[in-house]
Amino acid sequence: MPNNHQFSPLPPWPRTDYCGNLRESDAGREVGLWGWVAARRDHGGLIFIDLRDREGIVQLVFNPERAAAAHRIADQARAEYYLAVRGAVVRRTPATINAELPTGAIEIVVAQAQILNPSWPMPLQLDESADEQLRLKYRYLDLRRPAMQRNLRTRHQAVRGAREFLDGQGFVEIETPILWRATPEGARDYLVPSRVNPGRFYALPQSPQLLKQILMVGGFDRYYQIARCFRDEDLRANRQPEFTQIDIEMTGPRIEDVMAIGQGMMASMFRRAAGIELELPFPRLEYEEAMERFGSDKPDLRFGIELRNFTSAFAGTQFRIFADVLARNESIYGIAMPPDLQLARRELDELAESLRSRYSMGLAWVRVAEPDWQGPIARHLSATERARVTETAALKGGETVLMVAGPAANVRPVLGEIRLNLAARFNLRKADERRFLWVTDFPLFEYSPEERRLVSVNHPFTAPHPEDLGLLDSDPLAMHALAYDLVLNGEELGGGSIRIHNRELQLRVFEKLGLTRESATEKFGFLLDALSYGAPPHGGIAFGVERITMLLCGADSIRDVMAFPKTQKAVDLMSGAPSEVGIEQLRELGIKVIT
RNA sequence: GGGGUCGUAGUUCAGCCCGGUUAGAACGCCGGCCUGUCACGUCGGAAGUCGUGGGUUCAAAUCCCAUCGGCCCCGCCA
């Protein structure tokens with residue numbers, strides 16, 4: 001490979017413009033450009049090079065008769081060589097205009113050129129077809145792709161929109177420690193050994209939750225942070241072990257005040273990053289209604305096919321299976337698929353089989369046909385029951401009604417999942433539609449069969465609804481939380497709550513979660529103490545930057561909105577992290593590897 | 001922890017079901033020709049531990065087992 005370029009740390013002439021910004025109005029100007037060779041077309045005489053930088057591509061023309069030295073450089077140039085060129089912006093003749101390119105009406109007639117750095121042959125193609133393993137290994141090359149450039153800049157604009165809005169509302173950006181302490185509850189912690197305190201560990205924060213509460217006690221009144229969070233859990237298409245939240249806390253808000261900030265900020269982000277004006281305020285739905293109608297606490301409102309509660313329709317039924325269910329005081333829910341969205345018999349059988357194997361649940365279905373209903377359970381349904389089902393689901397004829405029976409808490413999410421699968425199957429979700437939604441009034445606690453105790457639905461610092469305070473000892477599972485999630489198209493974008501600011505109440509909630517006063521004081525003493533010195537009422541919310549950016553970019557993977565993501569096994573393929581470390585490093589930390 | 005899927009020249013892929021030529025194509029790379037292309041064209045060339053290990057077989061990219069890695073999902077993610 002010819003490589004006669006001279007290494008020089010300094011550029012030979014200044015860059016006056018970015019390639020992608022040049023337009024017809026620049027014709028006649030002398031410009032200096034630096035960029036990568038995106039394509040090279042060698043005609044033996046003339047050579048064309050598409051030069052790419054962060055703003056886009058422009059065509060360079062090298063004419064051996066007009067600039068022989070520059071032409072020799074172009075002759076040597078290959079894909080992804082980094083070039084500096086100097087030349088004139090020239091209007092193309094009408095026949096040679098390229099309407100596909102923003103810069104296609106002009107080209108650069110190069111007078112001088114220099115190879116600032118050659119490139120080894122590319123280990124991957126810079127397009128969507130590249131294998132993701134290679135993209136991650138050679139991330140610095142992948143990042144040159146226009147799509148990645150665009151995504152990360154969209155992210156930048158979104159965060160900028162958030163900062164602008166919050167600054168305008170009097171919020172103060174404050175950084176909190178990355179080296180923090182391990183806390184019980186929640187996700188697995190990433191631990192960092194302390195050299196000066198052998199045997200002790202910091203934890204990386206899962207979120208700055210307690211720190212931001214304490215900042216309210218510290219008098220900052222309105223805080224925000226673009227905060228890196230760490231959770232040592234398995235990865236997914238939209239989950240990485242480290243991710244970024246826009247973390248917000250304020251003194252004395254009602255739920256509505258936090259929502260106003262949250263949706264105002266969201267509007268600012270969409271305006272900045274996508275030029276989209278959101279319609280405010282976002283609608284609200286209580287948790288219970290979301291579960292009842294959509295089988296989900298983050299419903300996708302872009303399509304209907306809502307759940308129906310058929311429990312009372314089958315009161316007194318002779319149909320054995322349903323009668324048994326009702327005898328156990330359980331429920332029967334279903335969804336009615338309209339005539340134009342019909343599953344084949346085989347698909348219904350597959351769905352039934354998948355429910356059986358995954359949830360040990362049966363699927364009953366009937367086709368609402370004339371003259372008679374069809375399907376395995378049709379003959380078990382009395383005329384009264386058919387009439388009630390028809391009324392409950394507002395049937396008009398031709399529907400297929402899918403029914404699942406069991407405890408409502410199990411049945412509704414399963415139907416919610418079926419609802420989503422049907423939407424995917426029939427392509428009911430419009431990609432360009434945005435349905436924001438606040439979900440409120442979550443339960444405060446739920447029962448964890450694995451741990452055989454109550455756990456917080458949100459987190460242990462969430463304030464109970466004031467009307468439910470009396471239930472703390474008698475019926476904690478019936479309590480509601482002053483918590484809220486922001487949902488867009490079935491995705492949770494953020495969530496928050498009004499916090500407990502009273503030491504005694506916080507202790508009583510800890511106790512409900514199985515933490516003794518002693519152990520709560522040991523693990524959360526700093527919080528309890530902070531609450532004991534005139535802590536103001538406070539509350540807040542946090543938003544997932546990557547999830548919002550994914551929606552803004554139409555990205556299917558969180559890795560496409562992060563500069564240096566990790567694989568599903570939490571490995572950075574570029575650097576090889578996590579790596580083994582030397583024995584001396586471990587000894588200094590008092591750590592012995594036992595695996 | 002579990003289920004699914006993919007892994008073949010530098011790259012993107014075909015071949016694998018149904019075992020049997022020298023494992024093909026395109027892009028890229030190297031060399032030649034070409035003064036208006038824009039994924040330029042054209043002629044020629046080099047380039048492969050078929051992810052790895054084991055097994056079955058006269059014979060394995062192809063069948064079987066194990067293992068490693070990428071991706072998707074369940075569990076997990078207050």
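Below, chains carry the letters A, B, ... as their sequence lines are ordered, and counting in each starts from 1. Everything numeric in this text was worked out from a predicted model, so none of it was measured.
Which of B/U37, B/U11, B/C71 sits closest to the side chain of A/Thr96 comes down to B/U37. The side chain of A/Arg559 has B/C71 as its nearest neighbour among B/C38, B/C71, B/C30. Listed candidates were B/G10, B/C29, B/C72. Nearest to the side chain of A/Pro123 is B/G10. Comparing B/C74, B/U11, B/C38 against the side chain of A/Arg236 picks out B/C74 as the nearest. Considering only side-chain atoms of A/Thr567, the nucleotide from B/G31, B/C71, B/C40 that sits closest is B/C71.
The interatomic distance linking A/Glu132 (CD) with B/U11 (C1') rounds to 16 Å, in whole Å. Nucleotide B/G36 holds its P atom 8 Å from the CZ atom of A/Phe48, rounded to whole Å. Atom-to-atom, CG of A/Leu46 to P of B/C33 comes out at 16 Å; the value is rounded to the nearest Å. Here B/A39 presents its C1' atom at 15 Å from CD1 of A/Ile49, a figure rounded to the nearest Å. The distance from atom CG of A/Leu51 to atom C1' of B/U37 is 16 Å, rounded to the nearest whole Å. Atom CG of A/Asp50 and atom P of B/C40 are 7 Å apart (whole Å). Distance, A/Asp131 CG to B/U5 P: 18 Å, rounded to whole Å. Between the P atom of B/G2 and the CG atom of A/Leu235 lies a distance of 18 Å, rounded to the nearest Å.
Of the options A/Phe230, A/Tyr190, A/Phe526, A/Phe201, a ring pair (Phe, Tyr, Trp, His ring centres under 6.0 Å) to A/Trp180 is made by A/Phe526 and by none of the others.
Partner assigned to B/A23 is none, using Watson-Crick or G-U wobble distances below 3.5 angstrom. The pairing partner recorded for B/A60 is none, the criterion being a Watson-Crick or G-U wobble arrangement whose two distances lie under 3.5 angstrom. Nucleotide B/C29 is matched to B/G45 when pairs are restricted to Watson-Crick or G-U wobble geometry with both distances under 3.5 angstrom.
For the pair A/Arg231 and A/Phe243, the cation does not sit on the ring face, since its NZ or CZ is not both under 6.0 Å from the ring centre and inside 45° of the axis.
A donor and an acceptor atom sit less than 3.5 Å apart, one in the side chain of A/Glu107 and one in the base of B/G36. For A/Arg135 and B/G70, a side-chain-to-base donor-acceptor distance below 3.5 Å is absent, hydrogens and geometry of angles not being considered. For B/G75, its base sits under 3.5 Å from the side chain of A/Asp234 at one donor and acceptor pair at least. Taking 3.5 Å as the limit, the base of B/C40 and the side chain of A/Arg40 contain no donor-acceptor pair of atoms between them.
Residue A/Val457 is classed as a sugar-phosphate contact, given heavy-atom separations below 4.0 Å to backbone atoms only.
Of the two residues contacting RNA chain B, namely A/Arg231 and A/Asn238, the nearest-nucleotide position lying further toward the 5' end is that of A/Asn238. Mapping A/Leu101 and A/Gly44 onto RNA chain B via the closest heavy atom, the residue that lands nearer the 5' end is A/Gly44.
Of the P atoms belonging to B/A26 and B/G44, the separation is 11 Å, rounded to the nearest Å.
Between A/Glu492 and A/Arg547 there is no salt bridge, since none of the side-chain N atoms of the basic residue sits less than 4.0 Å from a carboxylate O of the acidic one. Taking 4.0 Å as the cut-off between side-chain N and carboxylate O, A/Glu288 and A/Arg412 count as a salt-bridged pair. Between A/Glu511 and A/Arg508 there is no salt bridge, since none of the side-chain N atoms of the basic residue sits less than 4.0 Å from a carboxylate O of the acidic one. Taking a cutoff of 4.0 Å between a charged side-chain nitrogen and a carboxylate oxygen, A/Arg346 and A/Asp349 do not qualify as a salt bridge.
Both thresholds, 5.5 Å between centres and 30° between ring planes, are not jointly met by A/His43 relative to the base of B/C34, so the two rings are not stacked.
One finds no side-chain N or O of A/Arg41 lying less than 4.0 angstrom from the OP1 or OP2 phosphate oxygen of B/U37. The phosphate of B/G70 (OP1 or OP2) has no side-chain N or O of A/Lys569 nearer than 4.0 angstrom. Look at A/Arg239 and you won't find any side-chain N or O under 4.0 angstrom from OP1 or OP2 of B/C74.
Taking the six-membered ring where the residue is Trp, A/Phe510 and A/Phe461 present perpendicular rings, their angle passing 60° and hence far from 30°.
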